[in-house]
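As the structure lists them, so they are numbered: ligands from 1, and atoms in each ligand from 1.
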Amino acid sequence: MLIEQILPNCALHAHRVVEDQRGCLVALESEADVPFRIERVYYLFDTARGATRGFHAHRELQQWAVCVAGACTITVDDASERRTVTLDTPDKALHIGPGVWREMRDFAPGSVLMVLASQPYNEADYIRDFDEFVASRRAKPPQ
Ligand code: T46
């Protein structure tokens, strides 16, 4: 369920939580709960104190980021607007579409950031220079 459209190509969503006396469970099915075919899963953990990650955009990749333990902040920027979102619960996800610069920081100790991705790893899909990213957005505004 959509909680908030952060940017035209980036939105915060709530997961459906199955809760009983034993605790909580979230299930994420490809092309159902997650609006794309999941081709890859990776996760960030043991993040060093004060470390930052990201600082790139993707040309085509869509991602569904869930902080399954702990908390972190993600700054997203589409070259028109910059917003910062805190992920601090496993029942929320940030859907980041193509053409969005992202920076992750403020990882709480013990955090695990899990990311579901629409494509296999492909370095050619990354834009790692911010000026190049802005130029690419001016040439191709968000659809
Ligand atoms: C993103 C944010 C949220 C692989 O070999 N396979 C993979 O699937 C990934 C994601 C990375 N790698 C290698 C490539 C680099 O040598 O792992 C190394 C670290 O990757 P990177 O510096 O891109 O990591 P982050 O945390 O800055 O960015 C990652 C994702 O790469 C990126 O797509 O959106 O998390």
Side-chain angles (χ1 to χ4, degrees), residues 1-19 23-143:
M1 186 186 70
L2 179 68
I3 299 175
E4 184 184 354
Q5 196 70 42
I6 306 294
L7 297 173
N9 232 359
C10 181
L12 191 64
H13 293 264
H15 293 146
R16 185 177 66 90
V17 179
V18 182
E19 184 174 2
C24 296
L25 179 153
V26 168
L28 298 174
E29 295 192 8
S30 186
E31 296 177 292
D33 307 285
V34 176
F36 53 80
R37 184 181 165 91
I38 299 166
E39 293 287 346
R40 175 167 54 111
V41 177
Y42 64 90
Y43 42 92
L44 310 176
F45 63 102
D46 275 354
T47 306
R49 190 185 178 90
T52 56
R53 303 198 66 127
F55 293 84
H56 59 256
H58 285 281
R59 300 175 199 279
E60 303 290 341
L61 190 72
Q62 294 189 59
Q63 304 204 96
W64 188 268
V66 184
C67 201
V68 292
C72 67
T73 62
I74 305 186
T75 297
V76 287
D77 188 324
D78 64 2
S80 296
E81 193 181 355
R82 175 168 281 242
R83 299 275 311 271
T84 296
V85 176
T86 298
L87 291 180
D88 58 3
T89 169
D91 62 7
K92 290 194 179 70
L94 190 64
H95 181 199
I96 310 174
V100 176
W101 185 266
R102 80 288 318 269
E103 301 170 3
M104 294 95 76
R105 50 174 67 82
D106 305 325
F107 287 86
S111 292
V112 181
L113 180 64
M114 179 185 75
V115 182
L116 313 181
S118 64
Q119 294 174 1
Y121 177 73
N122 174 14
E123 185 58 37
D125 189 64
Y126 285 71
I127 304 174
R128 294 189 182 270
D129 179 86
F130 188 73
D131 292 340
E132 183 190 337
F133 163 68
V134 171
S136 76
R137 294 323 300 161
R138 299 271 141 84
K140 184 183 173 193
Q143 293 115 21

*asked:* Check this for me: Arg128, atom CZ, are more than 12 non-hydrogen atoms of other residues, nucleotides or ligands nearer than 6.0 Å?
replied: yes

re atom 21 (P) of ligand 1, the protein heavy-atom contact at minimum distance is Arg128 NH2, 4.1 Å

Just checking, any donor-acceptor pair under 3.5 angstrom between side chains of Thr86 and Thr73?
no

Cationic N near anionic O, under 4.0 Å, Glu81 to Arg137:
no

- Any protein heavy atom < 4.0 Å from atom 11 (C) of ligand 1: yes

Atom 28 (O) of ligand 1 sits nearest the protein heavy atom His56 CE1, 3.2 Å

Check your understanding: Under 4.0 angstrom from ligand 1, any heavy atom of Phe55?
Key -> no

Ligand 1 atoms nearer than 4.0 angstrom to some heavy atom of Met104 are 2 (C), 3 (C), 26 (O), 35 (O)

Exactly one candidate in Trp101, Phe55, Tyr121 meets ring-ring contact (aromatic ring centres under 6.0 Å, His included) with Tyr126; the answer is Tyr121

On a heavy-atom basis, the closest approach of Pro98 and Gln62 is CD-CG, 4.1 Å

Arg102 heavy atoms within 4.0 Å reach ligand 1 at atoms 1 (C), 34 (O)

Among non-hydrogen protein atoms, atom 33 (O) of ligand 1 lies closest to His58 NE2, 2.7 Å

>> Please check whether Arg53 reaches ligand 1 - meaning an N/O of the residue sits under 3.5 Å from an N/O of the ligand, judged on distance alone.
In response: yes

Between Met114 and Leu28 the two heavy atoms that sit nearest each other are CE-CD1, 4.4 Å

**OP:** Taking the side chain as every heavy atom from C-beta outward, state whether Arg102 and Gln63 have any atom pair closer than 4.5 Å.
**Re:** yes

In this structure, atom 31 (O) of ligand 1 is nearest to the protein heavy atom Tyr126 OH, 2.5 Å

Glu29, CD: over 12 other non-hydrogen atoms inside 6.0 angstrom: no

the protein heavy atom lying closest to atom 34 (O) of ligand 1 turns out to be Gln63 NE2, 2.5 Å

re atom 14 (C) of ligand 1, the protein heavy-atom contact at minimum distance is Tyr121 OH, 3.3 Å

Would you verify that at least one protein heavy atom lies under 4.0 Å from atom 17 (O) of ligand 1, or report that none does?
-> no

Quiz item: Are any of the heavy atoms in Glu123 under 4.0 Å away from ligand 1?
Solution: no

- Using distance alone, determine whether Gly54 and ligand 1 share an N or O pair under 3.5 Å. yes

Correct closest heavy-atom pair for Pro8 and Asp78 would be CD-OD2, 3.4 Å

Carboxylate-amine/guanidinium contact Glu103 Arg82, below 4.0 Å:
yes

heavy-atom search around atom 29 (C) of ligand 1 in the protein gives Tyr42 OH, 3.7 Å

Closest to atom 8 (O) of ligand 1 among protein heavy atoms sits Arg40 NH1, 2.5 Å

